[in-house]
Amino acid sequence: MEPIDRRLLLGAVGLASIAALSKSSKAGPLSPPPGAATSTGRTLDEVYNKIPGANGTGDGRIPIPGGAAAVTLALPGSYVLTGNITVASGAALAISTDNVTVDLNGYTITSPVTAAATLVIGGLLRQNVRVRNGTVTGALTGISVPGASNNIFLEDLTVLNAKTIGINIGISTSRNNVVRRCSIHDTGSTTTAADGNLTLYGIQTAGSTTRVEDCSVSRMLYLGSGTPTINGIRFTNFTSSGNIISGCTVVNDAPITGLGIAGPGSIIGMYRNNAVVNFSSPYTMAGSWVNGGGNV
């Protein structure tokens, strides 16, 4: 028997493979279905911001409807606002438990100027709470965290027209709280009544390892009687460490008697890359505060 030519054998195997592939390629239709092509997925914006789908299926978060009723979140979870909230009295939104994330989803919550605060993260000890992406208006304090707090994150928020304090977060025993990319505007008395020597703050914080990053405070107002003490950003706790004020802007549209960025001397912290405009005392950072440079 003649020996088999290896080249002929390999060629035969190759032809058989091509035939098999050709046969399998005919298993389905080559033409697309009729009609315009449509997306079966979600946009990058929807994925990034986790916006609930138009078909109502959402993304697993708990919706908070808009309206005129105040909302209290008493159970842990992830929430998303689906409309503006405007209340006639009290806080528009209160968080009374731990382990809560709230996406304001670009909407606005509003309380009257007589309310203590528009957004309250309250209780003896609150921890692991994150609020982001929306606008808070009105009340004596825009956002208030009146008790000891750990791991509170306030991010990408606009706070408007608070009567005395834009954001007030934590007390002396608080730890690891962050105010990041927040804008506080038009803080001050909104009445010509005799308010009497008020102390106004754009952002007031306390505790250790607290960070205020990339925030802006602008247009501190006062329309009442007396002479107020005006503070753009101030750390008020006298015994804390590891605090940072970084990349912030404190500006008034006209020269004003007040403290731009301030902290008592017993705090150990750093301030860097900040800008203060039209405040009589741009930086009042005593004792253990370290000037990290870039402050103007």
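All values below were derived from every heavy atom in this structure, side-chain atoms included, with hydrogens, water molecules and symmetry-related copies excluded.
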K.L.:
Would you please say whether a donor-acceptor pair under 3.5 Å links the side chains of Ser149 and Asn177?
P.N.:
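Looking only at side-chain atoms, Asn177 and Ser149 do form a donor-acceptor pair, the distance falling under 3.5 Å.
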K.L.:
Considering all heavy atoms of both residues, which atom of Gly122 and which atom of Pro146 are nearest to each other, and what is their separation?
P.N.:
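Answer, listing the atom of Gly122 first, then Pro146: CA-CD, 4.2 Å.
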K.L.:
Any side-chain to backbone donor/acceptor pair from Asn291 onto Met270? Under 3.5 Å, distance only.
P.N.:
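Between the backbone of Met270 and the side chain of Asn291 there is no qualifying donor-acceptor contact (under 3.5 Å).
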K.L.:
Taking Ser144's backbone N and O only, do any of them form a donor-acceptor pair with Asn168's side chain (distance below 3.5 Å, no angle check)?
P.N.:
no
K.L.:
With salt bridge (Lys or Arg N to Asp or Glu O under 4.0 Å) as the criterion, how do Arg126 and Asp98 come out once you've worked through the C-alpha distance, each side chain's angles and the decisive distance to 0.1 Å?
P.N.:
CA-CA 6 Å; Arg126 287 280 73 84; Asp98 302 333; 2.9 Å; yes
K.L.:
Treating Ile, Leu, Val, Met, Phe, Trp and Tyr as nodes and any side-chain heavy-atom pair under 4.5 angstrom as an edge, say whether Ile165 and Val179 lie in one connected cluster.
P.N.:
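No, Ile165 does not connect to Val179 through the hydrophobic network.
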K.L.:
Show, in sequence, the C-alpha distance, side-chain angles and deciding distance for Leu119 and Val131, and conclude whether the side chain to side chain contact (heavy atoms under 4.5 Å, CB included) test is met.
P.N.:
CA-CA 10 Å; Leu119 169 62; Val131 182; 4.0 Å; yes
K.L.:
Ignoring hydrogens and geometry, is there a side-chain-to-backbone donor-acceptor pair from Ser280 to Gly258 under 3.5 Å?
P.N.:
yes
K.L.:
Short question: side chain of Asn252, backbone of Ala254 - any donor-acceptor pair under 3.5 Å?
P.N.:
yes
K.L.:
Here's a test for you: under side chain to side chain contact (heavy atoms under 4.5 Å, CB included), which of Ile62, Ile121, Leu93 qualifies with Leu73?
P.N.:
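In the set Ile62, Ile121, Leu93, the residue that makes a side chain to side chain contact (heavy atoms under 4.5 Å, CB included) with Leu73 is Leu93.
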K.L.:
Leu259: which other cluster members, linking ILVMFWY side chains closer than 4.5 Å, directly or transitively?
P.N.:
none
K.L.:
Measure across Ser172 and Ala206 and return the closest heavy-atom pair with its distance rounded to 0.1 Å.
P.N.:
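Minimum heavy-atom contact is N-CB, 4.2 Å.
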K.L.:
Return the CG to CZ distance between Asn99 and Arg130, rounded to the nearest 0.5 Å.
P.N.:
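Between Asn99 CG and Arg130 CZ, I get 12.0 Å after rounding to 0.5 Å.
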K.L.:
Only counting residues at least two apart or in another chain, list the ones meeting side chain to side chain donor-acceptor pair (under 3.5 Å) with Asp156.
P.N.:
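If we apply the side chain to side chain donor-acceptor pair (under 3.5 Å) test to Asp156, skipping adjacent residues, the hits are Arg181.
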K.L.:
Indicate, with yes or no, if Ile261 and Phe279 share a hydrophobic cluster defined by side-chain heavy-atom contacts under 4.5 Å among Ile, Leu, Val, Met, Phe, Trp and Tyr.
P.N.:
yes
K.L.:
Got Val251 and Val217 here, is their nearest side-chain heavy-atom distance under 4.5 Å?
P.N.:
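Result no, sub-4.5 Å side-chain heavy-atom pair not found.
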K.L.:
Which is it for Ile85 and Ile64 under the side chain to side chain contact (heavy atoms under 4.5 Å, CB included) test, yes or no, and what are the steps along the way?
P.N.:
CA-CA 9 Å; Ile85 297 175; Ile64 303 172; 4.2 Å; yes
K.L.:
Check whether any side-chain heavy atom of Ile203 lies under 4.5 Å from a side-chain heavy atom of Ile184, and answer yes or no.
P.N.:
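Side chain of Ile203 against side chain of Ile184, heavy atoms only: contact under 4.5 Å found.
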K.L.:
Is there a chain of hydrophobic side chains (I, L, V, M, F, W, Y, each step under 4.5 Å between heavy atoms) that links Tyr107 to Val136?
P.N.:
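Yes, Tyr107 connects to Val136 through the hydrophobic network.
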K.L.:
Drop me the distance from Leu200's CG to Arg234's CZ, to the nearest 0.5 angstrom.
P.N.:
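Here the rounded value is 13.0 Å.
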K.L.:
Once you round to the nearest 0.5 Å, how far does CZ of Arg180 lie from OG of Ser246?
P.N.:
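Nearest 0.5 Å value for the CZ-OG distance: 10.5 Å.
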K.L.:
Could you report the tightest heavy-atom contact between Val178 and Arg211, atom names first, then the distance?
P.N.:
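Answer, listing the atom of Val178 first, then Arg211: CG2-NH2, 3.2 Å.
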K.L.:
Given 3.5 Å as the limit, does a donor-acceptor pair link the side chain of Asn150 with the main chain of Gln127, or not?
P.N.:
no
K.L.:
Could you walk me through whether Ser216 and Ser183 pass the side chain to side chain donor-acceptor pair (under 3.5 Å) test, one step at a time?
P.N.:
CA-CA 5 Å; Ser216 66; Ser183 298; 3.2 Å; yes
K.L.:
Calculate, to the nearest 0.5 Å, the distance between atoms OG and CG belonging to Ser208 and Asn243 respectively.
P.N.:
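Interatomic distance, Ser208 OG to Asn243 CG, rounded to 0.5 Å: 6.0 Å.
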K.L.:
Please say yes or no: joined through hydrophobic side-chain contacts below 4.5 Å, possibly via intermediate residues, are Ile152 and Ile167 part of one cluster?
P.N.:
yes
K.L.:
Can you tell if the side chain of Val87 reaches within under 4.5 Å of the side chain of Pro112, non-hydrogen atoms only?
P.N.:
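The answer is yes; the side chains approach within 4.5 Å.
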K.L.:
Would Tyr283 and Trp289 count as a close aromatic pair, with their ring centres under 6.0 Å?
P.N.:
no
K.L.:
Measuring only between side-chain heavy atoms, which start at C-beta, is Ile143 closer than 4.5 Å to Leu157?
P.N.:
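Side chain of Ile143 against side chain of Leu157, heavy atoms only: contact under 4.5 Å found.
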K.L.:
Could you pull out the closest heavy-atom pair between Ala116 and Leu140, with the gap in Å?
P.N.:
O-CB, 3.6 Å
K.L.:
Taking the side chain as C-beta and beyond, is there a heavy-atom pair between Asn278 and Asp253 under 4.5 Å?
P.N.:
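Not touching, per the 4.5 Å side-chain cut-off.
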K.L.:
Report the distance from atom CD of Gln204 to atom CD1 of Ile169, rounding to the nearest 0.5 Å.
P.N.:
11.0 Å
K.L.:
If you define the side chain from C-beta out and look only at heavy atoms, does anything of Thr205 sit under 4.5 Å from Val212?
P.N.:
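Side chain of Thr205 against side chain of Val212, heavy atoms only: contact under 4.5 Å found.
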K.L.:
Does the side chain of Tyr79 reach to within under 4.5 Å of the side chain of Thr101, using non-hydrogen atoms?
P.N.:
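Not touching, per the 4.5 Å side-chain cut-off.
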K.L.:
Please name the residue in the list Thr210, Asn151, Thr209 that meets the side chain to side chain donor-acceptor pair (under 3.5 Å) test with Asn176.
P.N.:
Asn151
K.L.:
Indicate the atoms forming the closest heavy-atom contact of Gly142 with Ala162, along with that distance.
P.N.:
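Heavy atoms of Gly142 and Ala162 come nearest at N-CB, 3.6 Å.
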K.L.:
I'd like to know if the side chain of Thr137 pairs up with that of Thr110 as donor and acceptor (distance under 3.5 Å, no hydrogens or angles considered).
P.N.:
yes
K.L.:
Val100 and Leu75: same hydrophobic cluster, using ILVMFWY side-chain contacts below 4.5 Å?
P.N.:
yes
K.L.:
Is the backbone of Thr108 close enough, under 3.5 Å, to the side chain of Asn84 for a donor and an acceptor to pair up by distance?
P.N.:
yes
K.L.:
Any idea which heavy atoms bring Thr158 and His185 closest together, and the distance?
P.N.:
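Answer, listing the atom of Thr158 first, then His185: CG2-CD2, 4.2 Å.
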K.L.:
Please round to the nearest 0.5 Å and tell me the distance separating atom CD1 of Ile245 and atom CG of Asn273.
P.N.:
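One gets 12.5 Å once the value is rounded to the nearest 0.5 Å.
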K.L.:
Please confirm whether the backbone N or O of Asp103 pairs with a side-chain atom of Asn105, one donor and one acceptor, at under 3.5 Å?
P.N.:
no
K.L.:
Among Asp186, Thr118, Thr135, exactly one meets side chain to side chain contact (heavy atoms under 4.5 Å, CB included) together with Leu160. Which residue is that?
P.N.:
Thr135
